[in-house]
Amino acid sequence: MYRYDEIDRAILTDRVAEFREQATRRLAGLITEDQFKPIRLMNGLYLQLHAYMLRIAIPYGALTSAKLRKLAYIARTYDKGYGHFTTRTNLQLHWIKLRDAPDILEHLAEVELHSIQTSGNCIRNLTADPHAGATADEVDDPRVWAEAIRQWSTFHPEFSFLPRKFKIAVTAAATDRAAIKVYDIGLRLHRAEDGELGFEVLVGGGLGRTPYLGSTIRKHLPTRHLLSYLQAILRVYNRAGRRDNAWKARIKILVSSLGAEEFARQVEEEWEREPRDGVDLPDEELARIRAAFAPQGFETLPPVSAAFQSAKANDRAFARFARHNVKPHKVPGYAIVDVSLKAPGETPGDCSADQMDVVADLAERFSHDEVRVSYEQNLILPHVKLDDVPQVYAELEAAGLATPNIGLISDIIACPGLDYCALANARAIPIAQDIAKRFADPERAEVVGELKIKISGCINACGHHHVGHIGILGVDKKGEEFYQLTLGGSGAEDAEVGKMLGPALPADKVADAVEQLVEVYMRERAEGERFLDTFRRTGMSPFKEAVYADAR
Amino acid sequence: MTMKALTANRLDDGEAVFWMGGRWVDRFAEAQLWGDQDPDADAAEAHAKSELTQVVDAYLIDVIESEGGYAPLSYRERVRAMGPTNKLEHGKQAEGGASIEALVHAHGAARSTGRVNLIKRK
Amino acid sequence: MPTLVKWTGADAELAEDPFTAVDDDQTLPRGDVIISLTRFQAEGEQLLSEGRKIGVRVEADEAVEALAYDLPRIAVVALVFPKFRDGRAYSAARLLRQRFGYEGQVRAVGDVLREQAHFMIRCGFDAFEPADGSGPTDWAHVAARFRHVYQRAADDRTPAFLERQG
Ligand code: SF4
């Protein structure tokens, strides 16, 4: 895990001092809201329906136990004792007071956390594979590059007032756990035939009103040129991106209007013209960052753990947990353990301060002090010995964090929606709760198998509804909440934008419709097919017929 | 009959507040109501917007009768006046009572956001 | 005459502005002027031959590349911020300084706010016409807020990755 040095720390301290001064000026009436709003947004402080919301950045989703404990402390002291993990792997606190914000930022800085660039038209906090450094299927540790980008993009003088917000995701694995195809820039580390490490660079993905999947503009970028190449992309975008219409200002619109080839040509031209020295990091700095992520403290263990095997054999609930929440680790005898923030009936992604403390303790005792946040709004203990998994399970279970549903129908993504968000058209959380309760029986959820439901409260698509196997979008029809369903989306390596099922449904019909969709799938599915596979084979009609049968 | 109330968020803590004859109150039940065409409503809004240190983002909302009391017309405004529906122990609804009940049971939304002067606010 | 704040490389100071900014439909006064790119392209030769100093105002949607060959003869390039949120001029300033090696004054005009002092200076601006009533002390204060920076830009500040190498 990367630790701040004096320089990183000083930058953060200076930022906190700056915001304290700005907030004091605002509270004293020395600056207007028009002047202050962009400043507070640059510090992740939004004004929502009930209070201010503070969005805390969790760079590439990586936490330590100290960081998580501090988040728990802040949630308890300055909020109502909980926080909400988002699809951007940030933590949102929904009941913040402006007058407390400078103190909160100071607390965060003590553990190398902040809310820098979690809002505004700048390069936002970036996401990476939450299994980084733990999964066997990666060619390199993407966190090395994510940290390099974090530093480069922090307070970038040229790119802090882009046409629109800008999000970057990095992975180094074949399985895409970071949804890189729906990002402004998606980076996939791979090895060329000659063994050289490089990035496939995708540009122009994004959800929102006009969803696009990213296009590959360079198949292989040698890793050492990452930052100069990013600079070229951002410069082309900063100069040519539309600024007349916020809905058309994302880079995806520029890429699609120029065509990916022409966009790539402009980037290459800009890149060729600009000296790379001084932008690309020197080897010494890369080595310094890399060293921070070097695997540490792994024991040599047999690949099979007797304790783990016998717990599976003796405890059906544990066995189910092991099937869905325990993933293979690259080191023999270790596992990646998913902590579900999706207990049926609870708010997806919400985590109480007490639960944060439980996970922090488990991380310290059993997972090399590390915790990750996934964009699917769950937590992950990345380095747990198989021998310890039963113990970890027992403690998670006691804290309500061991729901064995990762990737299943009740593992629903939902944005805060109209219960909190000032931009929302409809609520998302109660819809998720309704559906999850219908499938609360773990037996039933398991029979249904992998099924990803994603819910957004408005077209901004924070809940990634376009790429849900079943996507649900809240719309406003004359002041009433309605929900538009889409089917067949995927945010993984087989990414696709879902297709509209039919007319929007009223709130109380959504869970019924999901049940009907599941019934059709169970009826139609062939051996080994997930919901998504069946949908791709049969197409829309059987599903559509089932849901709208009464209406005909 | 539709009426109007003036709402905003308090600068200091972000709390949703309502205008009551010269000051801001936390409870919707105490909000001052104006008739649909009452120019005093616009005057209060203009005053609130010109003031720098008390509230942010003041705007008029439509209000309807509900359960013998009153409720904001739009769902969004009702959520602001009550609290989040996923955590009934949070927000203004925590204190309960008849005026909260009137909000919970209100229905009959007609205008998309219930915000008056939506265009002017830009 | 609008206030002009100048950055000296270490401090900000208030300066007399010898230039008159002239719109396209105004007749030219005597002395040193800042004119639009269009007007410069039409009348620049003539004006320069009169021996006056010329500044060129480049709008956010105009490319500084159009000035590339004239830069040695131009005393001021005034880059316009139509809104402070419109960040195109940051790229333009860097290109002027780093790609074209321009050594004259790069001036920020339009919706120019003190909160952006740090970014502007880093991108190579050295003169400002603040739109928020701020003066040199404000600009110096904001410019000095951060003791370290992460990237190389158009100023001479050493980025963190080089500082770390000592
Ligand atoms: S999708 Fe819409 S409602 Fe949901 S969090 Fe994003 S902006 Fe708010």
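Here is the naming used below: chain letters follow the sequence lines, and residue numbers restart at 1 for every chain. Only a predicted model underlies this, so the values are computations on that prediction, with no experimental measurement involved.
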| message | Taking side chain as everything from C-beta outward and backbone as N, CA, C, O, which of these in C/I121 sits under 4.5 Å from a heavy atom of chain A? Side chain, backbone, both or neither. | response | neither
| Taking the side chain as C-beta and beyond, is there a heavy-atom pair between C/R147 and A/D14 under 4.5 Å? | yes
| remark: Here the gap from A/R164 atom CZ to C/R85 atom CZ, rounded to the nearest 0.5 Å, amounts to 11.0 Å
| Quick check: are there more than 12 heavy atoms from other residues, nucleotides or ligands sitting under 6.0 Å from CG of C/D156? | no
| note | Comparing C/R152, C/Q165, C/R88 against chain A, the one with the most heavy-atom pairs below 4.5 Å turns out to be C/R88
| request: Determine, for A/E6 against C/R164, whether the closest basic-nitrogen to carboxylate-oxygen distance falls under 4.0 angstrom. | output: no
| query | Do C/F161 and A/P282 touch side chain to side chain, with heavy atoms closer than 4.5 Å? | reply | yes
| By a 4.5 Å heavy-atom criterion (distance strictly below it), what part of C/A160 contacts chain A: side chain, backbone, both, or neither? | both
| Which portion of C/R145 sits near chain A, non-hydrogen atoms under 4.5 angstrom | both
| task | Under the ring pair (Phe, Tyr, Trp, His ring centres under 6.0 Å) rule, collect the residues that match up with A/F159, sequence neighbours excluded. | result | A/H156
| request: Considering only heavy atoms and a distance below 4.5 Å, find which of C/K83, C/H118, C/M120, C/Q116 pairs most often with chain A. | output: C/Q116
| Does a sphere of radius 6.0 Å around CG in A/D244 hold more than 12 heavy atoms from other residues, nucleotides or ligands, not counting ones at 6.0 Å or beyond? | yes
| query | Is a side-chain N or O of C/Q151 found less than 3.5 angstrom from the main chain of A/T154, in a donor-acceptor match? | reply | yes
| query | Of the listed residues (A/R15, A/E158, A/E285), which shares the most heavy-atom pairs with chain C below a 4.5 Å separation? | reply | A/E158
| Positions in residues 58-69 of chain C that reach chain A, provided some heavy atom is under 4.5 Å away | C/A63, C/V64, C/E65
| Part of A/D5 within contact of chain C (heavy atom distance under 4.5 Å) | side chain
| query | Is it true that atom NZ of A/K165 has more than 12 heavy atoms of other residues, nucleotides or ligands lying nearer than 6.0 Å? | reply | yes
| task | Pick one of side chain, backbone, both or neither for A/R288, based on which atoms fall under 4.5 Å of a heavy atom in chain C. | result | side chain
| request: Look at the rings of A/F161 and C/F119 and say which category their plane angle falls in: under 30° parallel, 30 to 60° tilted, over 60° perpendicular. | output: perpendicular
| field | Interface moiety of A/P163 toward chain C, non-hydrogen atoms closer than 4.5 Å | value | neither
| task | Would you indicate whether C/D24, at its atom CG, is surrounded by more than 12 heavy atoms from other residues, nucleotides or ligands within a distance under 6.0 Å? | result | yes
| For C/Y150 and A/F155, what are the C-alpha separation, side-chain angles and deciding distance, and is it a ring pair (Phe, Tyr, Trp, His ring centres under 6.0 Å)? | CA-CA 8 Å; C/Y150 278 126; A/F155 307 139; 7.8 Å; no
| query | Relative to chain C, which of A/R273, A/E284, A/E274 shows the most heavy atom pairs under 4.5 Å? | reply | A/R273
| task | With chain C as the partner chain, list the residues of residues 230-243 of chain A whose heavy atoms fall under 4.5 Å from it, by residue number, and write 'none' if nothing qualifies. | result | A/Q231, A/R235, A/N238, A/R239, A/R243
| field | Per-residue contact mode, A/R150 against chain C (heavy atom under 4.5 angstrom) | value | side chain
| Heavy atoms under 4.5 Å from chain C: which residues of residues 20-32 of chain A carry them? | A/E21, A/Q22, A/R25
| field | Value rounded to 0.5 Å, distance of NE2 in C/H148 from CD1 in A/I7 | value | 5.5 Å
